[in-house]
Amino acid sequence: MKNLKIILSTFVLILSITACNSDKTKNTAADLAVFQCPMQCEGDKTYDKEGSCPVCKMDLKLLEASSKDMDTDEISEASIFNLTSKWHNEEDEEIQLTDLKGKTMVMVMIYTSCKAACPRLVADMRNIEAQIPDENIKNLEFVLISIDPETDNPERLKAFALENGMDDEQWTFLQGTESGVREFANVLSVKYKEISPIDFSHSNIISVFNSGGELIHQQEGLGVDNKETIEAILQLTQ
Amino acid sequence: MKTKVFSLLLLCLMVQSLMIGQTKDMVLIEGSRYIPLYGRDSTVVEVNDFKMDIYPVTTAEYIEFVEKYPKWSKSKVISLFADESYLVNWKTDLKVKDSMSTKRPITYVSWFAAKAYCECQNKRLPTVDEWEYVAMADETTKDARVKPEYNQQILAWYEAPRTEENSIGKTKKNAWGVYDLHGLVWEWTLDFNSVLITGESRKDVDKDSNLFCGSAAVNATDLMNYAAFMRYAIRGSLKARYSMKNLGFRCVQDIKEQQ
């Protein structure tokens, strides 16, 4: 009787394992062909069959990354998730940019000891956040990246977040390495220069990325009309 | 166990120093303090000792690099890291056009590619300050900026067309023993994006907002150094994905890494 139990349970176990396996193969097979509206009318919604977009009626397009390169896990060529630099967030957790995958991202580069432009840039970010409805916020991540990784350690970033009422889940502050920051600034076309031990000159650019890490929209300047930025965000977070 | 680890470490160090011994194409640049065209608030910048490639990276060397790291080949490079003109004058992924000498400096490379190349050699790109520091030398003096001929010679090159088709090492060696800083190709620098003077960022950057207007040029330290103005202007107009016909690079190495 006991033996039977063992045999039976082993049988069930094997069955469940093979079931898992078959599940997996099914998944990868589905991953092979992913179609999406070229205009992304429905955000990142994808289809596993050819057809047309129910919104704009355009033919669905085969997503390049998934068909071309399986190991990149659906990251496109232009995606910032191709960067492998390591970062620390304000909670002192080590992350890579790919960990932010899945949400629309609004990014800006600042430094916390900045007295001139950054407070206004931060205000611009909060202004944008205030205009986004709550149901969109949950699909959104506001990312502030320090161009002064030496000074802006996680504790300092956390303090800055608390001070400015930006400690909710949708806000992320990142400290990188000097070379990681330089590289990322180049991806955003942000220019900066240390002009004294505590001061930097830098361009004021707010960038919007889709959940796949592709740059969709950039807003340059301080206190500029952010209508287009908001529109881009709303479209991506629908 | 400890001794084993130690001897392994020692071996690694020895191998590394041997490898560095083989980087025969570098020279030591003794650091110092100097005043570049665009400095910091104090205008004086400090450059530490470092080693610099005597020549810009050649096409032949770049072919080797691509063979080893195919992700930087023309067909595989991702659009995040290079624009469409990346290696546009190559015939295939590993071959340049027959008419092209492989002794030519490599051009049509993006900043990302140049950076990766140097990192794969255990080197890095020079900073703007380092590059300018070595480039102020002529054949005899380490700071030749006061000589009128120095500027004239560089400007004469800026006027000469298609110098990127020449081979490396044909210009005169400067006082440090470095060739081709002037007279062959423009070169990428690690922090080229620290030059805040592009047309686009004119409106949103608070310093050096317009290089060619007199009002902003007060930030520059030497208004007569036209050649340097042009170099900074080029840097300011670049984006890291750009690949240009007359833009190459060379690498440098920190001194402390060797010990």
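Just so you know, these numbers come straight off a predicted model, no measurement behind them.
- Heavy atoms of A:Glu183 lying under 4.5 Å from chain B belong to its backbone as well as its side chain.
- Per-residue heavy-atom pair counts under 4.5 Å with chain B were compared for A:Ser179, A:Ser79, A:Ala185, and the maximum is reached by A:Ser79.
- Here the side chains of A:Thr172 and A:Glu90 are in contact, with some heavy-atom distance below 4.5 Å.
- A centroid separation of less than 6.0 Å is found between the aromatic rings of B:Phe65 and B:Tyr62.
- Within the 4.5 angstrom heavy-atom criterion, only backbone atoms of B:Val77 (N, CA, C, O) approach chain A.
- When atom types are taken as modelled, the side chain of A:Arg126 and the backbone of A:Met166 share no donor-acceptor pair closer than 3.5 angstrom.
- With hydrogens and angles disregarded, a donor-acceptor distance shorter than 3.5 Å links the side chain of B:Arg250 to the backbone of B:Asp53.
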